[in-house]
Participant: 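Next up is a structure, given as structure tokens.
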Amino acid sequence: MKTAEEHRCFAGRLAYVSHESAQLGCAMRFSIYLPDAAASRKLPVMWWLSGLTCTEDNFTVKAGAYRAASENEIIIVVPDTSPRGEDIPDDEAYDLGQGAGFYLDATESPWSDNFRMYSYITDELQALVIKSFPVDPGRQAISGHSMGGHGALTIALRNASRYRSVSAFAPIVAPMQCPWGDKAFRAYLGDNPSNWKEYDATELMLDAGDRNESPEILVDVGLADPFLDEQLKPDLFAAACNVAGQPLRLRKHEGHDHSYFLIASFIEEHIRFHAAQLGT
């Protein structure tokens with residue numbers, strides 16, 4: 001593991017870190033923000049999963065999250081969105097291949113050797129960060145945007161004992177029922193939809209049983225988002241949460257679109273939401 005660069009940022013430091021990933025078979029980068037309090041004790045962590053075409057840098061430079069992270073003493077880890085490199089399979093389209101890992105473990109050729117973002121996030125990167133930085137493993141939150149919102153919700157639902165708090169911005173909540181998800185799932189997982197359900201937040205919620213005692217989930221979407229009806233479908237997830245008894249705060253914002261301006265507008269509220277559930 002190597003620190004490529006480091007910057008002072010509010011009352012903390014921001015580092016860009018690279019390492020060789022055994023899961024993905026390539027070098028990977030992530031950014032990590034460490035409030036000054038991390039020098040003396042372990043702090044809670046928020047994992048941020050970015051959307052299509054993004055890297056570990058987009059959230060860092062566009063979201064404006066680190067003042068609130070410093071004030072609430074929360075570490076933020078931002079991985080890249082896929083494996084990358086000349087020897088890594090790719091596609092000409094922006095919504096498949098490099099930059100579009102969809103936070104799943106691919107089973108189909110040519111993707112299955114490298115596109116294992118689910119295991120990378122939940123196993124390899126998790127272990128590396130907890131071993132190398134002052135993270136309290138008992139106080140973890142996860143959040144993300146668009147494809148990353150899909151990843152945050154599915155990972156949290158499949159690992160409920162690990163993540164005490166989850167939120168999302170403009171998430172793809174029913175990928176089995178939208179063009180982005182159908183394309184990616186067919187390529188990565190094959191043509192049998194029964195193999196897709198473990199990566200679909202709406203399906204996972206419908207199969208979750210009684211979740212009345214589960215922590216509230218926070219989701220923000222923009223009503224001017226051009227992808228809202230065709231790709232995101234937040235009302236499907238809300239209906240599934242209603243069936244399961246899952247507390248959900250779904251906020252719909254007039255005039256907001258799919259861009260990082262939505263994230264920048266409400267990220268401080270999300271960090272405070274996580275801080276309350278993590279007990280900071």
Side-chain angles (χ1 to χ4, degrees), residues 1-90 94 97-103 113-137 140-148 151-152 155 260 263-264 267 271:
M1 191 177 69
K2 299 179 180 178
T3 299
E5 57 183 284
E6 187 170 301
H7 307 276
R8 183 71 180 163
C9 185
F10 299 106
R13 60 188 178 94
L14 171 70
Y16 289 88
V17 178
S18 65
H19 72 106
E20 292 294 326
S21 168
Q23 281 284 353
L24 306 182
C26 66
M28 289 293 288
R29 283 170 56 99
F30 63 91
S31 66
I32 182 167
Y33 181 74
L34 295 154
D36 286 344
S40 59
R41 67 182 187 278
K42 291 185 176 182
L43 298 183
V45 62
M46 184 185 91
W47 302 86
W48 173 269
L49 306 183
S50 297
L52 288 165
T53 76
C54 290
T55 70
E56 76 288 341
D57 197 41
N58 295 75
F59 177 85
T60 297
V61 300
K62 293 181 178 180
Y66 296 136
R67 182 193 298 275
S70 171
E71 292 172 351
N72 289 276
E73 297 185 344
I74 293 178
I75 294 169
I76 298 181
V77 178
V78 184
D80 200 350
T81 54
S82 79
R84 297 181 191 269
E86 292 183 1
D87 298 328
I88 303 298
D90 200 8
Y94 75 95
Q98 296 186 35
F102 271 86
Y103 304 101
D113 286 345
N114 305 102
F115 280 71
R116 299 181 53 79
M117 288 298 294
Y118 177 84
S119 290
Y120 174 70
I121 297 295
T122 60
D123 295 334
E124 185 177 21
L125 186 61
Q126 170 94 189
L128 178 66
V129 168
I130 290 174
K131 177 182 177 181
S132 306
F133 298 97
V135 166
D136 180 351
Q140 298 190 59
I142 191 166
S143 186
H145 171 234
S146 193
M147 177 185 73
I155 288 172
Y260 263 81
I263 301 169
I267 189 63
I271 290 174

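As the structure is a prediction and not an experimental result, all values here were calculated from the model. We use all heavy atoms of the structure for the numbers below, so side chains are in, but hydrogens, waters and symmetry mates are not.
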Participant: With S40, which residues qualify under side chain to side chain contact (heavy atoms under 4.5 Å, CB included), at least two apart?
Facilitator: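 If we apply the side chain to side chain contact (heavy atoms under 4.5 Å, CB included) test to S40, skipping adjacent residues, there are no hits.
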Participant: Of all residues at least two apart in sequence or in a different chain, which pass the side chain to side chain contact (heavy atoms under 4.5 Å, CB included) check with S119?
Facilitator: Q23, D105, R116, D123
Participant: Who pairs with D36 by salt bridge (charged side-chain N to carboxylate O under 4.0 Å, His left out), at least two apart in sequence or on another chain?
Facilitator: R8
Participant: The criterion is ring pair (Phe, Tyr, Trp, His ring centres under 6.0 Å); which residues satisfy it with F115, sequence neighbours excluded?
Facilitator: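 So F115 forms a ring pair (Phe, Tyr, Trp, His ring centres under 6.0 Å) with W111, Y188.
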Participant: Please enumerate all residues that pass side chain to side chain donor-acceptor pair (under 3.5 Å) together with N58, with sequence neighbours excluded.
Facilitator: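 With sequence neighbours excluded, N58 shows a side chain to side chain donor-acceptor pair (under 3.5 Å) to T55, given in chain and number order.
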Participant: Side-chain donor-acceptor contacts of residues 70-77 below 3.5 Å, not counting sequence neighbours, with atom names and distances?
Facilitator:
{"from": "S70", "atom 1": "OG", "to": "A11", "atom 2": "N", "distance (Å)": "3.4"}
{"from": "S70", "atom 1": "OG", "to": "A11", "atom 2": "O", "distance (Å)": "3.4"}
{"from": "N72", "atom 1": "ND2", "to": "A68", "atom 2": "O", "distance (Å)": "2.9"}
{"from": "E73", "atom 1": "OE1", "to": "R41", "atom 2": "NH2", "distance (Å)": "2.2"}

Participant: Using salt bridge (charged side-chain N to carboxylate O under 4.0 Å, His left out) as the criterion, list what pairs up with E20, not counting sequence neighbours.
Facilitator: none
Participant: State which residues pass ring pair (Phe, Tyr, Trp, His ring centres under 6.0 Å) with F133; sequence neighbours excluded, sorted by chain then number.
Facilitator: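 By the ring pair (Phe, Tyr, Trp, His ring centres under 6.0 Å) rule, F133 matches no residue at all.
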Participant: Could you pull out all residues at least two apart from F59 that satisfy ring pair (Phe, Tyr, Trp, His ring centres under 6.0 Å)?
Facilitator: W48
Participant: Please name all residues satisfying ring pair (Phe, Tyr, Trp, His ring centres under 6.0 Å) with Y16, sequence neighbours left out, ordered by chain then number.
Facilitator: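 Counting only residues at least two positions away or on another chain, Y16 forms no ring pair (Phe, Tyr, Trp, His ring centres under 6.0 Å).
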Participant: Let me see the working for T81 and S50 under side-chain hydrogen bond (donor to acceptor under 3.5 Å, both in side chains), right down to the final yes or no.
Facilitator: CA-CA 6 Å; T81 54; S50 297; over 6 Å; no
Participant: Checking D136 now: which residues fulfil salt bridge (charged side-chain N to carboxylate O under 4.0 Å, His left out) with it, not counting sequence neighbours?
Facilitator: R139
Participant: With sequence neighbours left out, write down each residue that passes salt bridge (charged side-chain N to carboxylate O under 4.0 Å, His left out) with E56, or none if nothing qualifies.
Facilitator: R29
